[in-house]
Each structure stands twice: as structure tokens, then as C-alpha cells.
2 protein chains.
Amino acid sequence: MAAKKDPAAKRRPTERDGDISWQAQKSAMTRDRILDAAINCFIELGYTNVTTAKVAQSAGVSRGAMLHHFPSKTELIQAAVEYLHDKLLEDYTRRIGEIPASLTGAARRRAGIRAYWDYLNGDLFTVYNELSFASRTDPELRAILESSQQVFEQHVLECNGTLFTEWLATGDRFLLAMDVSRFMMEGMASSRLMTDREARVERLIDYLCDRLEEIFKEGGSTAIGRHSST
Amino acid sequence: MAAKKDPAAKRRPTERDGDISWQAQKSAMTRDRILDAAINCFIELGYTNVTTAKVAQSAGVSRGAMLHHFPSKTELIQAAVEYLHDKLLEDYTRRIGEIPASLTGAARRRAGIRAYWDYLNGDLFTVYNELSFASRTDPELRAILESSQQVFEQHVLECNGTLFTEWLATGDRFLLAMDVSRFMMEGMASSRLMTDREARVERLIDYLCDRLEEIFKEGGSTAIGRHSST
DNA sequence: AATTAAAAACCGACCTGACTGATTAAATCA
DNA sequence: TGATTTAATCAGTCAGGTCGGTTTTTAATT
């Protein structure tokens, strides 16, 4: 649970490691250790149950040491949320990037859907979702999230655009497909305590994939033309 | 904000009001006042920011009085969640019930989707959603919600069944349609801070309604048969 | 019907425990 | 040595829960 003292993280780096002083490196390391610990606490305890003491303990530093790096809890949370945001982007990009290039067409799209589903069920997204809910009654948190929200949405759009170039060209349909996929899967991911979850999810993913293929099949279904604003 | 003392709620009833003693009535009234106040606090402050003092103040009761009715915060929360559960059921049933009988066929189904959308955007569901998230790291809350979850799902199923009898007969397709609608709309409802929300929602609801009609059009699309397990 | 005692509902001061933020001393590195 | 990082401790705040006492309702008794 609490990685008390990770010796590897505390090893002494070379005297002159690229013009950065040993102190600065050490400082940056403990800073990252604290932020990692904060994310971990978010996962294990939930956002509202996180205290500065628990984060410090989990990071293996004293509260005083932490207060040196983050003078107040608010600043710690802010830094942790930005850190989480970066990790989320990286997580999503990595999952998409791991789709083998050999997959093409419908199989590739399906793999993308599956990757997104796995991403949604990961700890990082769970925490992010929790933060989103908490932000409803927490103006400070809301301000942080709103800015990162747009950056993230934009990044996902670009990420998907480079992956599915054949879809990007369809413009409006591309956005519809993204929205349908996103909300349906996010809805499923949020409902963690439904009965017979696995079977229903598999079935819905099948259904979703079929709909996506349908959307991009030009003139496929009579009902689709209506939803293209062009 | 805080309905300090609602005189109407404190009026003295007739001496013998249906074999229930005045004391019991008074007790039940303040109990309900407290529970209403608790729900209100959930809405205004968020689950995690609710304190017993705030609930008592909002209900216009002293802390001591509240402790008399609910000896601990846990018991208060339990009662409030059950109370919320009842109100949710009533809210949903009412919204569906308000659909004019003159509407039939696709128009009726569309009205049902719209009613569900309004329901999802109401305060009550927002609070329920928040509780669901909080329950991830709160075993007590989780236990309460898990039991009410099943009751609720079952009730919605029956409610929709009586409304859309022509769908119920289709068995498996009915469940698919319910899941697709539910998760897609819940996903949309959860994403409160997306850009250009209204337009995207309208479009997705249009799309969803078309898909539902398609699902129940026997042999409509080639892709649907796969998802019927019969 | 009036009196009175018991019970229920209600009130608010107090206690405990946890969390945050500040201050001081010690240890470590330049 | 001087400066920076870490450790330990303290005070202030606020939460939930306890407890003695007060008022209101009920029931028993005369």
C-alpha cells in the first residue's frame, strides 16, 4: 500500500547531472513522489477522504517536508489534479498507441473502442470522474477542471483524428460517432453496480460497433442523414 | 434557503386524527422535516459537505432534537437515502405518468425518452449519482445503495413495461433498447461541463430515438439480429 | 375535571478526536 | 559556516457525539 521508502527513488544521482544541482533534483523527486502519493490516495481513499497527513505518510515524507513543497492543501490538490491530467492524457495516448498497426478498418475501430473502454475502467479515469462530481460543489476544483477539460477533449479529438483518418474526413459524422461512443461508454462505466455487468457490456459494445460502421457507411440507413448538419 | 419554521407544518391537528396520537404525528412531522432538509443539503452542499449541524439548522431543529430522532449521523444518512430512493421512484413514475395518453407509437416513445432525460437532469438524480460515486470508498453507503439499486431497476422495468406494452413483448430487444437508452443518456447527463451541450444533446436524442425505432422494426437492420440472444 | 407523575420531544453546553497550518529545532548539503 | 530541507510539536478550527436539564404531551389517580 504505502511505498514507505523506495530506495530506487532515493538513489543519489551523479554529481553533475546536466547542469541541474543535486538539491534541485532531489527536490523534484520528492515533489513527484508526493504527487504520485496524492493520486494514489485519491484512488484508495476517495477525493474527500484525502488528508495532507495521509498523503505525506503514503509518500514517505513528513508533513513538514510536504508543507515545504506545497504550502497549503489547496496548492497540493491543484498540483495533483494537473499531474493527474497529464497522466490521463498519457494513459489514453498509450492505450491507443498500443493498437497493433496490423489492424485496419472495422477491426481497428473496434480495438479503439475496446481501448477506450479499458481506459474508462482504469483507476485514473475513475478518480477523474470523482473529481468532476466533487467539483459540483467545490468552485476551486471546478475552475481547475474546466480548464483541463477543454484541453483534454481537444487532445482526444486530435488523437482520434490521427488514428482514424478515414473518419476525420467525414466531418460532422465523425463528431456524432465520437459523442455516441463516448457517452454510451461513459454511462456504462459509471454504472458500476449493475447486475450482470459483463454480459450487458459486451452486448452493448457489439451494438455500438455496429452502429459506428453504419454511421460511416454512406447512405447506409435512412435515419442517419437527418443527423448530418451539412 | 432554510425553511426555518413552517407554520403550516406545525399546526396542531385535530385531537384524534385517525387513531394516531398527536405525539406520534408531531414526531413523524419533524422526522420528515429533517429528512427533507437532509436531501436539500445534499443538493446544495454535496454529500461530503453535509454536517449534522447544517441539516439541523436547515430543518429548523436543534441539534439535540435531531439526535433524538437519529442517534448518529450514519442512521440519519441511511434514513435520508431511503427517503431519497422513495422520492426518486415517485419522481420517475410521475414524469412518465404525465405523458398525455393521446400520444401513441413513436411520438409516445419519444416523449418517454424526453421524460427520462428531464428526470436525469433533476436534482434528485444528481444527488443519487453523487451518492453512487461516494459509495466507492464508503462501504456503509454502498450497502444501502446496493439494496435500493435493485429495487429501483426492477421498478423502472415494470414502469416502462406497463407504458410500452408493445415493446415488452419483444423480450430481449426490450432489454437492449432500455440499456442503450439508459447508458447513453446517463453518460450525457453526467457530462455537465461539456462545450455546446444543448445542441449535442438534442442531436444525440434524435439519433437515439431513431435507433430505438429501428431496434423494434422487425428485421430492420442487418446488425440487430446479432444482438438478440433468442 | 383537576392534579400529578411518567414519558416523550426538545434544547444547548461540553467533550473528544481529527485536520490544517504555523513555528521551532535538527539534520543535511554547498 | 551558511543555507536549505526535514522533523517534531503546538495552537486553532470544526466535526460528531454525550449529557444534564427544560418543555410538552400523555396517562393515571383522585
Side-chain angles (χ1 to χ4, degrees), chain A residues 4-5 9-17 19-34 37-38 41 45-80 138 140, chain B residues 4-6 9-17 19-35 37-38 41 45-80 134 138 140-141:
Chain A
K4 278 296 166 109
K5 302 248 180 186
K10 277 208 155 185
R11 71 166 168 69
R12 169 155 191 154
T14 57
E15 289 297 335
R16 300 212 62 75
D17 204 343
D19 266 6
I20 301 168
S21 72
W22 154 236
Q23 264 194 5
Q25 282 184 55
K26 191 180 169 191
S27 179
M29 278 199 305
T30 60
R31 201 186 135 92
D32 275 8
R33 279 234 313 282
I34 291 171
C41 286
L45 308 170
Y47 170 66
T48 55
N49 299 324
V50 168
T51 66
T52 55
K54 299 224 181 89
V55 173
Q57 187 191 357
S58 175
V61 297
S62 73
R63 283 194 58 242
M66 196 173 71
L67 235 49
H68 173 74
H69 290 278
F70 303 99
S72 74
K73 186 180 184 180
T74 301
E75 296 180 53
L76 170 64
I77 299 292
Q78 281 184 356
D138 187 334
E140 275 184 350
Chain B
K4 277 298 166 103
K5 303 248 181 185
D6 187 0
K10 279 210 156 183
R11 71 164 169 68
R12 171 152 192 154
T14 57
E15 288 298 334
R16 300 215 64 76
D17 204 341
D19 267 6
I20 301 165
S21 74
W22 158 236
Q23 245 188 16
Q25 284 185 54
K26 189 181 171 190
S27 179
M29 277 198 305
T30 60
R31 204 185 130 93
D32 276 7
R33 281 235 311 284
I34 292 171
L35 292 179
C41 286
L45 308 171
Y47 170 68
T48 54
N49 299 324
V50 168
T51 66
T52 57
K54 291 198 182 127
V55 173
Q57 187 191 359
S58 174
V61 183
S62 73
R63 268 173 44 78
M66 198 174 70
L67 266 313
H68 173 75
H69 290 278
F70 304 99
S72 73
K73 185 179 185 179
T74 300
E75 294 180 55
L76 170 63
I77 298 292
Q78 280 185 357
D138 187 333
E140 275 184 351
L141 188 56

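Proteins come first, then strands; the chains are lettered A, B, ... in the order of their sequence lines, and each starts at number 1.
For the pair A:Phe70 CZ and C:dC19 C1', the computed distance is 19 Å after rounding to whole Å. If you take NE2 of B:His68 and C1' of C:dC10, they are 8 Å apart, rounded to a whole angstrom. Atom CD1 in B:Ile34 sits roughly 7 Å away from atom P in C:dC10 (whole-Å rounding). Between the CD atom of B:Gln57 and the P atom of D:dC14 there is a distance of 14 Å, rounded to whole Å. Put simply, CG on A:Leu45 is 11 Å from P on C:dC19, counting in whole angstrom units.
Between A:Leu67 and A:Thr52 there is no side-chain heavy-atom pair separated by less than 4.5 Å. Contact of the A:Phe70 side chain with the A:Val55 side chain is not registered, since no non-hydrogen atoms from C-beta on lie closer than 4.5 Å.
Distance check: B:Gln78 CD to B:Leu141 CG gives 9.5 Å after rounding to the nearest 0.5 Å. A distance of 12.0 Å separates CD of B:Gln57 from OG of B:Ser62, quoted to the nearest 0.5 Å.
No more than 12 heavy atoms of other residues, nucleotides or ligands sit less than 6.0 Å from atom CD of B:Glu140.
Of the side-chain N and O atoms in A:His69, one or more sit less than 4.0 angstrom from OP1 or OP2 of D:dT6. For the pair A:Lys54 and C:dA18, the criterion of a side-chain N or O lying under 4.0 Å from OP1 or OP2 is not met.
Nearest to the side chain of A:Ser62, among C:dG12, D:dA7, D:dA15, sits D:dA7.
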Item checked: Contact pattern, 5' to 3', of nucleotides 16-22 of chain D - B, S or - by protein heavy atom under 4.0 Å -> BBB----
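The side-chain contact (heavy atoms from CB on, under 4.5 Å) search around A:Thr48 returns B:Thr48, not counting sequence neighbours.
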